[in-house]
Amino acid sequence: MENNKATADNKSRGFARHRREDMIGKIYTYLCVLMLIVVIVAIVYFVASKGLATFFKDGVSPIEFLFGTHWSPDGDNPSFGALPFIGGSFVVSMLAALIAGPLSICAALFMTEIVPGKGKRILQPVIELLSGIPSVVYGFIGLTVLVPFISTLTGGDSLGYGVAAGALVLSVMILPTITSIAADALASLPRGMREASYALGATRWQTIYRVVLPTLAPSLWTGVILGIARAFGEALAVQMVIGNAPFLPTSLLTSASTLTSVITLNMTNTSTGSVQNNVLWSMALMLLFMTFVFIIIVRLLQRRNKL
Amino acid sequence: TTTEPAATGTTTTPAATEQPAEASVSGEILAVGSTALQPLVDQVGQEFMANNPDVVVQVQGGGSGTGLTQVSEGAANIGNSDVFAEEKLDADKAAELVDHQVAVVAMATVVNKDAGVTNLTKQQLLDVFNGTVTNWSEVGGADQKITIVNRPSSSGTRATFEKYALGEKVENVPGAIEQDSSGTVKQIVADTKGAVGYLAFSYLDDTVTALSYDGVEPTEANVQSGDYPIWAYEHMYTKGEPDGATKAFLDYFMTEEVQNADVTELGYIPVSSMEVKRDAEGKVIQ
Amino acid sequence: MQTSTQPRFGTEELSVFYGTNEAVKKINMEFPEKSVTALIGPSGCGKSTFLRSLNRMNDEIASARVVGKIWMDGQDLNDKETDAVTLRQKIGMVWQRPNPFYKSIYENIAFGPRYHGTKNKKQLDEIVEQSLRRAALWDEVKDRLKESALALSGGQQQRLCIARALSVSPQILLLDEPASALDPVSTGKVEELIIELKKELRIVIVTHNMQQAARVSDSTAYFYLGNLIEHDDTTKLFSNPSNQMTQEYIMGRFG
Amino acid sequence: MQTSTQPRFGTEELSVFYGTNEAVKKINMEFPEKSVTALIGPSGCGKSTFLRSLNRMNDEIASARVVGKIWMDGQDLNDKETDAVTLRQKIGMVWQRPNPFYKSIYENIAFGPRYHGTKNKKQLDEIVEQSLRRAALWDEVKDRLKESALALSGGQQQRLCIARALSVSPQILLLDEPASALDPVSTGKVEELIIELKKELRIVIVTHNMQQAARVSDSTAYFYLGNLIEHDDTTKLFSNPSNQMTQEYIMGRFG
Amino acid sequence: MKAKTADKIATGVIIFFAVLIVAILGGLLGFILFRGIAHIDWHFLTSPSQNFKAGGGIGPQLFNSLFLLVLTMIITVPLGLGGGIYMAEYAKENKLTGFIRLVVEVLSSFPSIVVGLFGLLLFVNTFGFGYSLLSGAIALAIFNLPLMVRITEQAFRAVPREQKEAGLALGLSKWKIITSILLPVALPSLITGTILAAGRVFGEAAALLFTSGMTTPPLDFTDWNPFHARSPINPMRSAETLAVHIWKVNSEGRIPDAKDVSAGASAVLVIMVLLFNLVARWFGRVVYRKITASKQVN
Ligand SMILES: Nc1ncnc2c1ncn2[C@@H]1O[C@H](COP(=O)(O)OP(=O)(O)OP(=O)(O)O)[C@@H](O)[C@H]1O
Ligand SMILES: Nc1ncnc2c1ncn2[C@@H]1O[C@H](COP(=O)(O)OP(=O)(O)OP(=O)(O)O)[C@@H](O)[C@H]1O
Ligand SMILES: [Mg+2]
Ligand SMILES: [Mg+2]
Ligand SMILES: O=P([O-])([O-])[O-]
């Protein structure tokens, strides 16, 4: 901060002052942003250094980790195939998106197209509440209601634990994510676009189906992808209902695992530094990596969506 | 840069095996580890704090692995574990730790009440858990498909069960499920036809059938006599010999007051009542 | 395409409310055949609102309520029984800002007819060419029909929107400041187009440019605060308005 | 408050680019003392962009780049060395849409002077009263100075914004379509105010209303596509423009 | 006619799904409250939990959840505000900004369990904060930060640009404009957003298992010295929150009334989230009215 010469001069005092103020503002906000960057770098660094140790220190083959289907970390002849978990995560979150996607888009359409105004006033708080319900509570309900229900549905053939239960619980959890993004996208569509279609004598559904949805497809996909990302990273609720068997899911009713569930179950029971522990960090790294992938997909989608 | 645990308390009464005198010790004790052991340690910790207002006992779960790691790294005063340290840590690290066996936990195989079996031999049990046998009728029970409810592969309970009941590690059978919580395991076994799992004695009740093992009933007496082999110690490890508040706490743990009240109340068996002892390899040494 | 010979098109005591705010107040107006009617008035006086009620576009605004009658072919368009979707086919509309669909040029035009039953590719091609020709855009775009409509310039987009409106053979065309976002050359083209089109259909145009109203319209209506202050032959209204307020507005005393 | 007696205020080869698009092209203009200069031209011709570059407001638009010189008191305002924050104090600005701060009427006016060092309550009161009087608003608001400025009508808000601009004693006032969102009565008041204020300071006003330009300005400049087409005495320009394009615009041939 | 039938059917389907969603929420809330409300009484809300006896309460857990939230907010709000202001007012459209945006997005969809493990590694162990409120608060702040940044950025972007220009034209410094002109206008949506975000943090468990811990030392509610071990507001003590308690009771819990406790605690959690929503809306409106209404201002 340079000091001012003509202190008597009101204006030059103002000069120094606004410079000083702006400097404070800049330092403050830049520090905050720096903090964000530090946090992410630190997370990536820590997770990567632990997660990569599996391969570099313990000598587990990355090929085995990524494509092996045999998971037996404590066996006498340990093997570390994480494909069942990677596959499980994908299957469960895709299924969840498959259920929640259409539902959410309908909800968003309801808010913006079918009953604009009032629809939003009803559904918006509902959506916010759904997103506010803690995941342990979702897990608890899944455990006490959904799982027995599925079991009864199958006539007791299945325990109810499995992919279907996991996907259903997750679908409710990601409903708010997709809905709010879809609703924002719908709201951002210029009114004129809809009106032009109406003015041609198109019905509301024709307008939605032929004009609104195609135009907004990239944004809607963004919502779905972020929903999948959320589902991918959700831990406790899934772990409570999915059954946690370390096998690639073969049907909706078989017990399976996800990356998050195997981490939750085993991370704390293994001792730091052991290969059993490190391989779980590798899975955390995998989660991190997938988050990046999802975000990049979203970015590519948004680039296509220059409204 | 791991901070030293704040176990810098001092003991005025040497070897306080009896009731610790009021306000005799001070400091903070951090006990981390086994979630199974956590309720017991937490309970005893609270009583200990009530007697020693200057002591804070912090009990965290996190699992046996975390407990052993933390105590070995000096991040905790006590590492709670369901298994011997040698089973989780490198030998040199394990050697630095001092074992305090505070209770014995015994487990029983449990099946759904309709399964129609009350006893399995070691071989039969192994066949069930490694998937060789898939229907209860094959081992003399009802014609029901077997559904296995396992604990996670890293769980101490599972390790104990595999070691002493099955005699070897088994891998998951497709269709089996893993649950982290004993309560849930019991619930599932009680509700699902053909389900089988394993539970600590404390969880047993008449909603499930507890099986005899090689003809020996899962009772406390059979465990104490050494006839029933599916049991393990609950360990509280310290790095080196404990001192100060930690020592006072561990000593308090071994008092009659705790062993015959809290320990038994929670379904554990007091170590002192055992007629046999085991080492880390599982060999009976007495 | 023939000009239909419906006897009248007009409103009777037409009011529009947004909530409790009466934005358009009991308008009685007649739109003669084969003629252009211009609506002028200061910003916010209700021109757009009035225009949008003519093809029931205000149905789409939750807070809007339209009261009164809109006569066309002896039918009250504002009747609950009248199907808005069907009538909109007969009444085309074009807005201030060009709003092409995010589709190809071809699809923009073919969209309406296809929905109304023309599936035949050849027929569609014909309609597309016809409509673009009538909107004086054919020559400029005929080689790039498959390209995105968004790649056109503003003026071209606006003519595309007019072509789109024409594609479903409307009998009436509603234009809301169709040239105000355009450059002079495009404005000129759109104005010529309007004069051309009125040979075949009725046109109602909202404009804030009085010279434009004077150039293209046969009759002009002056709105103020939701009221229809004066409606007369365009030459009469601009040269010798009977109302003092109209006079002041035309003189540019405000607005 | 005295009118300062700086010799010149004007631009020299001033161009403004948005990215690569040259929105304002090498404008040379002089704004004489104690006079009102009006900028007219069709939408998008660069009037606002030019006006905003005069007080370096375009600094705030990342894509905007201003090239050329702006002379004031022999200093080039567009020089990197010149401190934009300080100079803006000398050049007030008012926009099309009234934009009072979300504060009380009093605070709206007192905010600037207080920031610039006037802490004395009495002095501040004086400035507030003075500024409101000069903006012809004092009588209407003197009893409710503590109320929110947002509760004022549009016309009052606009005069409040003028008063706010006056509160820091600018030597120049830039007005961007200050009356286009106002009703006739408010428009009249604002126009009177401009005529009143020019006794003390230079005023540059952008307007799309040619009658307004004719009424309030001493000289008028016609912009088209970023170029300054013609700049002359207002009476001369409207009665007998030397340029064909100006003529066409004034006749309402487009825009 | 066909088009109209399709329209009717589609509309019906959309409305059906919308109703379904409302029904799901209604069902969830109904279920949670129905199951839980019977267990909620003054004793349950205020007394400490039990380890293996029935009849424990959730008093310390409830307090911990709230206090942890306060701590989290103390960390998040200033940082998030600064970050958001940067994004809205300082960031130029360049690669760096693109990168920061990426950081914020990635951070906001990080799996919470990874953040928890990171917290265990860094705050609990390396920094030696131990299982403590502080560790938990930092971990939660990491979640909340991106949300806060986004809320702030949106709130500032929603302020009419003309406000800023008006300030500039008076010769004010940018920082002064941000703090004295834009901030008050952005405040209502800032407050609403912050409270809603807080509600979300309230139910987080996965990250806290490893950071703020799973037990609470006996608290002395007469001792408010933050440096005392048993003081409720000692940030270095471990603290089990409501959500963690539900998790714990459901996993290795040994109390006979585990079902009742978790039902009751779930109900309390959900009621709190409901409260957050209501308060957020109400408070936002009040502030908005204060700032814009024709009543006395300033
Ligand atoms: N969707 C709406 N909801 C509520 N009020 C509205 C809406 N649209 C317009 N209004 C109000 O109705 C009145 C008339 O608006 P309208 O748009 O018809 O005016 P206009 O004459 O077309 O103005 P302009 O020349 O600016 O387009 C105005 O007061 C406006 O604020
Ligand atoms: N922020 C901006 N970024 C990029 N281009 C801009 C920006 N602002 C204006 N322009 C462009 O610069 C040109 C001049 O715009 P400007 O706003 O100066 O016109 P104007 O004469 O004030 O028009 P109007 O009468 O509509 O206010 C236009 O082509 C416009 O699209
Ligand atoms: Mg309009
Ligand atoms: Mg402009
Ligand atoms: O206490 P566990 O190691 O069996 O989870």
Side-chain angles (χ1 to χ4, degrees), chain B residues 1-6 26-50 53-63 66 69-70 73-76 82 151 155 157 179-185 187 200 202-203 205 262 265-268, chain E residues 48-53 56 60 116-117 119-133 135-136 205 208-220 223 228-231 234 236-240 244-259 261-262:
Chain B
T1 54
T2 353
T3 40
E4 283 300 308
S26 64
E28 275 186 43
I29 305 169
L30 175 59
V32 182
S34 160
T35 43
L37 190 51
Q38 189 187 347
L40 176 63
V41 182
D42 205 358
Q43 179 66 28
V44 176
Q46 278 175 24
E47 287 164 18
F48 186 69
M49 281 189 279
D54 291 336
V55 176
V56 174
V57 182
Q58 252 198 62
V59 185
Q60 301 301 342
T66 309
T69 315
Q70 298 263 61
E73 286 173 354
D82 304 332
R151 298 294 303 275
S155 140
T157 309
Q179 284 298 332
D180 197 20
S181 128
S182 298
T184 313
V185 170
Q187 188 80 46
S202 53
Y203 286 93
D205 60 24
D262 300 305
E265 230 174 278
L266 264 171
Y268 294 107
Chain E
S49 59
Q50 290 289 343
N51 281 313
F52 48 93
K53 289 195 198 74
L117 294 172
L120 172 67
L121 224 53
L122 194 64
F123 313 129
V124 177
N125 290 344
T126 309
F127 292 170
F129 297 161
Y131 292 93
S132 63
L133 281 162
S135 301
L208 293 179
L209 297 175
F210 312 118
T211 49
S212 64
M214 295 171 73
T215 50
T216 307
L219 298 181
D220 178 2
D223 181 356
H228 289 178
R230 293 186 186 193
S231 158
N234 177 353
M236 300 314 291
R237 69 174 175 91
S238 75
E240 179 194 25
V244 170
H245 189 59
I246 295 176
W247 164 256
K248 189 172 94 176
V249 161
N250 271 309
S251 56
E252 270 323 299
R254 301 292 290 274
I255 46 175
D257 56 349
K259 281 250 150 63
V261 169
S262 52

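Quick note: numbers below take in every heavy atom, side chains included, and nothing from hydrogens, waters or symmetry partners.
For B:Val55, the part sitting under 4.5 Å from any heavy atom of chain E is the backbone (N, CA, C, O) and nothing else. B:Gln46 touches chain E through its side chain: at least one heavy atom from C-beta onward sits under 4.5 Å away, while N, CA, C and O do not. For a residue to count as touching a neighbouring chain, one of its non-hydrogen atoms must lie under 4.5 Å from one of that chain's; by this rule B:Val32 touches chain E with the side chain only. At a 4.5 Å heavy-atom cutoff, the contact between B:Thr66 and chain E is made by side-chain atoms alone. Residue B:Gln179 does not touch chain E at all, counting heavy-atom pairs closer than 4.5 Å. For B:Ser182, the parts sitting under 4.5 Å from any heavy atom of chain E are the backbone and the side chain alike.
The greatest number of non-hydrogen atom pairs below 4.5 Å with chain E, out of B:Val56, B:Thr184, B:Val59, is found for B:Val59.
Atom NZ of E:Lys248 is separated from atom CG of B:Asp42 by 5.5 Å, given to the nearest 0.5 angstrom.
With hydrogens and angles left out, the side-chain atoms of E:Thr215 and B:Gln58 include no donor and acceptor closer than 3.5 Å.
Every residue meeting the side chain to side chain contact (heavy atoms under 4.5 Å, CB included) condition with E:Asp223, not counting sequence neighbours, appears here in chain and number order: E:Asp220, E:Asn225, E:His228, E:Ser231. Contacts of B:Asp205 classified as salt bridge (charged side-chain N to carboxylate O under 4.0 Å, His left out), with partners at least two apart in sequence or in another chain: B:Lys186.
Residues E:Arg237 and B:Glu28 form no side-chain contact, since every pair of their non-hydrogen atoms from C-beta on lies 4.5 Å or further apart. Using a 4.5 Å cut-off on side-chain heavy atoms (C-beta onward), E:Phe210 and B:Gln60 make no contact.
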